[in-house]
Engineer: 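Dropping the structure in here first, questions after.
Since we're looking at a predicted model, the values are computed, not measured. Both ligands and their constituent atoms are indexed starting at 1 by order of listing.
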Amino acid sequence: MLKGKHIILGITGSIAAYKSAVLCRLLVSAGAEVRVIMTPLAKQFITPLTMATLSQHPILVDFFNPENGEWNSHVKLGEWADLYLIAPATANTMAKMATGVADNLLLTTYLSARCAVAVAPAMDLDMYAHTATQRNMEALRQDGVHIIEPGSGFLASGLQGKGRMAEPADIVKAVEALFSEKKKSLEGRHYLVTAGATIEPIDPVRYISNHSSGKMGYAVAEELARRGARVTLVSGRTSLDCPKGVERVDVLSAEDMYKACCEIFPATDGAVMCAAVADYTPQVVAEQKLKKGDGDMSIALKRTHDIAATLGKDKGARLLVGFAMETENEQTNAEDKLRRKNFDFIVLNSLRVEGAGFRGDTNVVSLIDGEGREDLPLMTKGDVAIHIVDKMEKLIKL
Ligand code: C5P
């Protein structure tokens, strides 16, 4: 669930910061990539060295590195993250978040983050119960921040009550639940997804096709539907069942897929082109089964329509996502396709990597857009679909 997720762990000045070390460890072990931001006071409670070692990255406190002037861009960090988790979150930091104060890197990053934000409050029971804190927490809730409720029990002040930060394992569970919640964030939108292999008939018995299983496209369709979108899946040949809540249109040839897509696309908010479409089809389809002779034979082929490029020409404000499966010059070829077909981004899978490609349940992909390239680790096709749809959502919100 957390594999490949980008999480910023924000640590503020509370004694509960000692639990952030375990929390960081658990997130990293679950496969997340973690970058740590600390407030200046947090450094008094837990050392940057501890957090840098556990997160495998230098920790960030200041806006720039005083040694060499290197800028710690809160905007870039906010864009990088899938989740900003502030644990522990003090009453002071939550008050500043609620009112938009931005006097340290942790807070400026909060204001520029486009991702989900969660806080795990930690403080003494009276501070927690105070109407000011409760008011600020309610404001944060209204702003869409997820509050991971503190527990009750022994507090550092010696008192007993509610205010101790949730245990690291419980915070991880809350984070996982957040990622799997799949808010109906795409409700009211409609997407076209193409998937599977096309079948180009040679005669009534034989055809030209390819190894595509359709699994990647079906996973994308399923993920879009889970987030509330209406999904029309134009599917070539596969052996998969139609995902729940998805409308499937079955096609055979590239020409059938082309016609269906041209009809459906104008009424949608975009398309994800996962199908492995034949680039060539027999010039004529023999009416009878071709008989073998003694010599060799050849079949004349003609070009099919490039469906993605056709949709790309008139896409307007619609989002268009493509795939590239390459065996050589992958970056150059993918960038060329991105431009030629007018994709917003392209998902590159290299057949040279183990665990990537056609029939398996896993994939290793890179997401490439005009700005650059993001390499994702080996993960299930379902998880790749989550990353693809997350990126689509980010682009929709721009
Ligand atoms: O040019 P190439 O086939 O490598 O491009 C791959 C991308 O274009 C994929 O997204 C694929 O679904 C789409 N495509 C298409 N129609 C074609 C060929 C490819 O939509 N005829």
Side-chain angles (χ1 to χ4, degrees), residues 191-201 207-221 223-224 231-238 240 248-266 268 270-283 301-315 318-352 356-358 363 365-369 373 381 384-385 387-389 391-392 395:
Y191 292 98
L192 162 68
V193 178
T194 67
T198 61
I199 301 253
E200 309 302 322
Y207 59 80
I208 301 172
S209 192
N210 59 67
H211 292 300
S212 172
S213 64
K215 283 180 185 167
M216 196 59 250
Y218 274 53
V220 170
E223 185 57 29
L224 286 165
V231 183
T232 309
L233 175 61
V234 175
S235 176
R237 189 209 41 190
T238 89
L240 302 170
R248 186 166 82 181
V249 177
D250 289 316
V251 294
L252 280 178
S253 67
E255 182 65 17
D256 296 342
M257 189 173 271
Y258 170 75
K259 284 186 186 144
C261 289
C262 290
E263 201 181 309
I264 295 160
F265 187 65
T268 65
V272 187
M273 313 300 289
C274 308
V277 188
D279 295 320
Y280 293 91
T281 192
Q283 257 172 21
L301 301 174
K302 62 177 180 189
R303 275 299 313 262
T304 56
H305 292 286
D306 190 317
I307 307 169
T310 309
L311 302 188
K313 273 201 196 96
D314 284 319
K315 72 173 183 158
R318 291 176 202 84
L319 211 58
L320 194 62
V321 181
F323 274 74
M325 180 168 276
E326 303 294 340
T327 52
E328 57 179 357
N329 301 329
E330 46 176 51
Q331 178 80 19
T332 325
N333 287 342
E335 279 174 4
D336 176 55
K337 263 168 225 173
L338 184 73
R339 252 175 285 115
R340 222 166 6 93
K341 307 201 187 198
N342 203 11
F343 289 138
D344 290 275
F345 68 94
I346 192 157
V347 185
L348 166 68
N349 32 153
S350 168
L351 278 188
R352 285 183 295 171
F358 281 125
N363 217 347
V365 305
S366 305
L367 308 183
I368 299 175
D369 60 17
R373 163 177 176 147
K381 288 184 174 172
V384 173
H387 279 85
I388 292 171
V389 180
K391 187 162 174 82
M392 290 171 71
L395 290 172

Engineer: Can you check whether F323 has an N/O within less than 3.5 Å of an N/O in ligand 1?
Structural biologist: yes

Engineer: Check whether any N or O atom of A275, backbone or side chain, sits under 3.5 Å from an N or O atom of ligand 1, and answer yes or no.
Structural biologist: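 Min N/O separation from ligand 1 is below 3.5 Å for A275.
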
Engineer: So, for T194 and C261, which heavy atoms are closest and what is the spacing to 0.1 Å?
Structural biologist: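 Heavy atoms of T194 and C261 come nearest at CG2-SG, 3.5 Å.
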
Engineer: If I apply the N/O under 3.5 Å rule, does R340 come out as touching ligand 1?
Structural biologist: no

Engineer: Determine whether the side chain, the backbone, both or neither of M325 has a heavy atom under 4.0 Å from any heavy atom of ligand 1.
Structural biologist: neither

Engineer: Among protein heavy atoms, which lies nearest atom 17 (C) of ligand 1, and at what distance?
Structural biologist: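 Here the closest protein heavy atom is V277 CB, 3.5 Å.
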
Engineer: Among protein heavy atoms, which lies nearest atom 16 (N) of ligand 1, and at what distance?
Structural biologist: I307 N, 3.0 Å

Engineer: With atoms numbered from 1 as shown, which atoms in ligand 1 lie under 4.0 angstrom from a non-hydrogen atom of H305?
Structural biologist: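 Contacts of ligand 1 toward H305, numbered from 1: 17 (C), 21 (N).
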
Engineer: Looking at R373 and E330, is there a salt bridge between them, counting it only when a charged N and a carboxylate O are closer than 4.0 Å?
Structural biologist: yes

Engineer: I'd like to check whether F343 has a polar contact with ligand 1, where a contact means an N/O of the residue lying under 3.5 Å from an N/O of the ligand.
Structural biologist: no

Engineer: Does E326, backbone or side chain, put an N or O under 3.5 Å from an N or O of ligand 1?
Structural biologist: no

Engineer: Regarding D250 and R237, does a basic nitrogen lie under 4.0 Å from an acidic carboxylate oxygen?
Structural biologist: no

Engineer: Which heavy-atom pair separates G312 from N342 by the least distance, and what is that distance?
Structural biologist: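 Closest heavy-atom pair between G312 and N342: O-ND2, 2.9 Å.
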
Engineer: Look at D344 together with K391 and state whether they make a salt bridge at an N to O cut-off of under 4.0 Å.
Structural biologist: no

Engineer: Is it true that E326 and K337 have a side-chain N and a carboxylate O under 4.0 angstrom from each other?
Structural biologist: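 Salt bridge flag = yes for K337 with E326.
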
Engineer: Ligand 1 and A308, any nitrogen or oxygen pair closer than 3.5 angstrom?
Structural biologist: yes

Engineer: If you count the atoms of ligand 1 from 1 in the order shown, which ones are under 4.0 Å from a heavy atom of D306?
Structural biologist: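 Result: 15 (C), 16 (N), 17 (C), 21 (N).
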
Engineer: Please check: side-chain N/O of R318 versus main-chain N/O of P266, any donor-acceptor pairing under 3.5 Å?
Structural biologist: yes

Engineer: In terms of residue, atom name and distance, what is the protein heavy atom nearest to atom 4 (O) of ligand 1?
Structural biologist: K337 NZ, 2.6 Å

Engineer: Please report the shortest heavy-atom distance between N349 and F323, naming the atom on each side.
Structural biologist: ND2-CD2, 4.0 Å

Engineer: For atom 10 (O) of ligand 1, find the nearest protein heavy atom and state the residue, atom name and distance (0.1 Å precision).
Structural biologist: M273 O, 2.6 Å

Engineer: Side chain of D279, backbone of T304: donor and acceptor closer than 3.5 Å?
Structural biologist: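 No, the answer is negative, given that no donor and acceptor are paired below the 3.5 Å cut-off.
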
Engineer: Considering both backbone and side-chain atoms of K341, is one of its nitrogen or oxygen atoms within less than 3.5 Å of a nitrogen or oxygen in ligand 1?
Structural biologist: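 Min N/O separation from ligand 1 is below 3.5 Å for K341.
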
Engineer: Side-chain donor-acceptor pair under 3.5 Å between Y218 and S213, yes or no?
Structural biologist: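 No pair is found: no donor N or O on one side chain lies under 3.5 Å from an acceptor on the other.
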
Engineer: What do we get for D279 next to ligand 1 when only non-hydrogen atoms under 4.0 Å count, side chain, backbone, both or neither?
Structural biologist: side chain

Engineer: Considering the heavy atoms of G322, write down every atom of ligand 1 situated less than 4.0 Å from one of them.
Structural biologist: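 Atoms satisfying the 4.0 Å criterion: 10 (O).
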
